[in-house]
Amino acid sequence: MNLPRPVLLASGFAIVGVIALALQDVVVPWGAQFWGLLNNQIDLAVYRQGAQAVTEGASLYDVKMIGDLDYTYSPFSALLFTPLAWISFDVARWLWTAGIVVALYLVVMLSFRSLGRPVTWTLRVIAMALVAVAMLLEPVRTTIWYGQINVFLMLLILADLTRPDTSKTKGIGTGIAAGIKLTPLIFAGYYAVQRNWRAFFGVIGGFAMTVAIGFIALPRDSWAYWTGKLFQSDRVGSAQLRGNQSIRGMLANHLDTDDPSTLLWAALVVTALVAGFAVAAYAHRRGQELVAISIVGMTACVVSPMSWGHHWVWFVPIVVAGVHLALDTRRSQVQRGLAAASATAVVLLAFAWPTHVPGLVPDAYYTGLYVKTRVTWLNWFTVSPYLWAYLGILIATVVALRFFGSRSAAESDPAAVIAPGVAVAVIADGGLPTDQADGGSSRAVEPSVRTHADHVDLSDEMADDLVGTAGELMGDAPETGASPAV
C-alpha cells in the first residue's frame, strides 16, 4: 500500500508539521511563566517525589507531594519511577518530555503499521508531522505540560494488543499498564466479551504480577493502597471540575453537584460499556484492530469516575486511522474526503483552544474546548466535548464499516496472509510491474525462488502491496514488511 506522489506528499506534511510547531507559541507562548509547554511538569514532580519516598522508606500515601498533593498511583508505579529519584528535576523534565515525543512518534508509526502500511521515508515524514499536530491536541499538550504518563501507557497497550491473537504473551503488557494506572483493566472486560481468553488472562496475569511485585517490595504501602486509599475519590479531585471529561463529570457539571446520582451514573456507564464494546467488537471483526483498541481506550475514559482531559490521548490513533484512509487512493474521492473531514473534526474538537485569564498571577492560559463556557446556550456541548466526540466516533465507525467497507491489513496486503515463499512465487509467475512508488526509476525484480505454483495473473494493486517502495520483496526487508493480520 504505497503512498502516491511521495515527494509532494512528504513536502506537504512537512509544511503542516512546521505550522503546527509554530502554532504552539500562538496557543500559549513558549516562555509563559508556568503555563508554557515546558514550564510546569508538576505531575512528573509528584512521580519523582513518590520515588524518593519509596527509596527513603517513607509512607507513600501519607506524605504530601509538592505542597499538598497526594500520590494516587499504585505502589508498583512508584517502583518504576525510582530512577527519577536519582536525577535532578530539571534533567528529569527534559528526559521525560523527549520521551513523550519519541513515544508519540512510535504510536503513530505503530498505528500505520497495524493498518498495513509499509515503513518508507515518506511515512516517517508524515509521522513526524502528525506528532507535531498531535502536540496541539489538548490531551497531548496537557500530558506534556503536566509531565503525565498517558502517552507511554498508550504506546505499551498498542504495542501489546496490535499483535496477532495467536501471540502467547498478548495482554501482559496491557496488564502491566493497568498495574500502573487502573483504567487499562477495561481491556480484560473487552476480551472477556469477545471470549478471547488468551488475551483476557494475559491482561489479568500482567496486572496480578504488578500487584504481587508491589506487595513483595512495598508491603505496607500496598496494603494501604489496595484496602483503602484506592477508594478515596477525594484524593483524585472533585467530580465537578471542568476538566473531568467523563460521564460522572458531565453529570456533576450540568447538575452543579459534586455528588451526582449514582443510579443515573451507573445506568449511563452500562450503556456506554455496551455501546463501546459492541462497536469495538464490530471493528475487530472487520479487521480494524487499531480502531477497536482506541475505542476501548476511550470507553475507559468515559466510564471512569474521574477522567482528566489528558487521559483522552486515544484521539491520536483515531486521527492516524483517518489520515490513513484519506491517503488510500484505492478508495473513492467521497470516501477519502469524508475520512479527511472526520480526522479534521477530531483535531478541532480536541484542539488546545486557549483561554487567557490575565487577572491571575502569573497570567493563566487554560486550554481545551471545555473551558469555553461563555456562550451559555452551547454549554450542553462545550462542557463535555470529548463525550460528544466519543459518540461521534462510535457512529462514524459503524457507518464507515457498514457502508464503505474496510480494508484490513489482511484484506489489503496479501503479504500479510501469504507465506514469504508463496509470495515470491506469485510474483515470479505473475510478473512484477515496474515500480515507481517513491519516485524511483522503473525496474523489474527477478525473484530467485520459483515453485510449481500455477500461473497467477497479478494485478498492479496486488503487486504493489507485495513489494517495497524500491521494488524489493517485502520478505527481504523486515522493516518495510507488512504487519501481520490481527
Side-chain angles (χ1 to χ4, degrees), residues 40 42-44 46-47 50 60-61 64-66 68-75 77-78 137-143 145-154 157 177-187 189 207 225-226 228-273 276 296-315 350 366-371 373 382-391:
N40 181 9
I42 190 171
D43 284 355
L44 175 61
V46 171
Y47 301 160
L60 183 60
Y61 300 105
K64 292 295 183 179
M65 314 284 172
I66 315 300
D68 196 38
L69 298 178
D70 293 310
Y71 192 88
T72 59
Y73 291 3
S74 71
S77 68
L137 303 183
E138 184 275 330
V140 176
R141 187 194 185 278
T142 308
T143 289
W145 185 62
Y146 277 132
Q148 260 284 342
I149 197 172
N150 308 297
V151 172
F152 295 119
L153 295 180
M154 178 171 61
I157 293 169
I180 300 171
K181 202 168 187 175
L182 293 176
T183 49
L185 269 180
I186 194 173
F187 286 97
F207 174 71
Y225 179 76
W226 294 110
K229 302 297 184 181
L230 172 63
F231 307 103
Q232 297 176 5
S233 59
D234 59 312
R235 291 172 57 85
V236 180
S238 167
Q240 198 177 351
L241 292 174
R242 188 57 53 83
N244 185 7
Q245 291 294 294
S246 68
I247 289 177
R248 189 164 179 262
M250 177 187 69
L251 293 175
N253 279 289
H254 281 301
L255 300 177
D256 193 22
T257 176
D258 278 340
D259 189 24
S261 169
T262 302
L263 183 61
L264 177 59
W265 173 68
L268 292 175
V269 163
V270 171
T271 302
L273 282 171
V296 176
M298 288 187 288
T299 303
C301 298
V302 171
V303 304
S304 175
M306 176 67 73
S307 290
W308 300 111
H310 55 75
H311 293 173
W312 286 80
V313 292
W314 290 101
F315 285 135
Y366 297 115
T367 56
L369 189 59
Y370 53 78
V371 299
T373 58
T382 54
V383 165
S384 302
Y386 296 171
L387 294 183
W388 293 108
Y390 171 74
L391 180 61

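Computed over heavy atoms, backbone and side chain alike; hydrogens, waters and symmetry mates excluded.
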Please check if any side-chain donor atom of Y73 sits under 3.5 Å from a side-chain acceptor atom of Y47, or the reverse. yes
N244-S246 side chain donor-acceptor pair, cut-off 3.5 Å: yes
With under 30° as parallel and over 60° as perpendicular, where do the rings of H310 and W308 fit, or are they tilted in between? parallel
Classify the ring geometry between F187 and W314 as parallel (under 30°), tilted (30 to 60°) or perpendicular (over 60°). tilted
Closest approach of [X] to [Y] (non-hydrogen atoms, all atoms of both residues):
X    : Y    : value
R248 : D258 : NH2-O, 3.6 Å
G243 : Y370 : CA-CE1, 3.7 Å
A239 : N253 : O-ND2, 4.2 Å

Tell me every residue that passes side-chain hydrogen bond (donor to acceptor under 3.5 Å, both in side chains) with S307, counting only those two or more places apart in sequence or in another chain. none
Quick one: are [X] and [Y] in side-chain contact, heavy atoms under 4.5 Å?
X    : Y    : answer
Y146 : N40  : yes
P184 : F207 : no
I186 : L273 : yes
K229 : D70  : no
L153 : K181 : yes
L268 : L251 : yes
Y386 : L369 : no

List the residues meeting ring pair (Phe, Tyr, Trp, His ring centres under 6.0 Å) with Y390, not counting sequence neighbours, and say none if there are none. none
Excluding sequence neighbours, so at least two apart, what forms ring pair (Phe, Tyr, Trp, His ring centres under 6.0 Å) with W145? F34, W35
Has [X] got a side-chain atom pairing as donor or acceptor with [Y]'s backbone, closer than 3.5 angstrom?
X    : Y    : answer
Y225 : L60  : no
Q245 : V383 : yes
S304 : A300 : no
S261 : L264 : yes

Determine whether more than 12 heavy atoms belonging to other residues, nucleotides or ligands lie under 6.0 Å from atom CH2 of W388. no
Could you state the interatomic distance from SG (C301) to CD1 (I247), rounded to the nearest 0.5 Å? 11.5 Å
State the CD1-CE distance between I149 and M154, to the nearest 0.5 angstrom. 12.5 Å
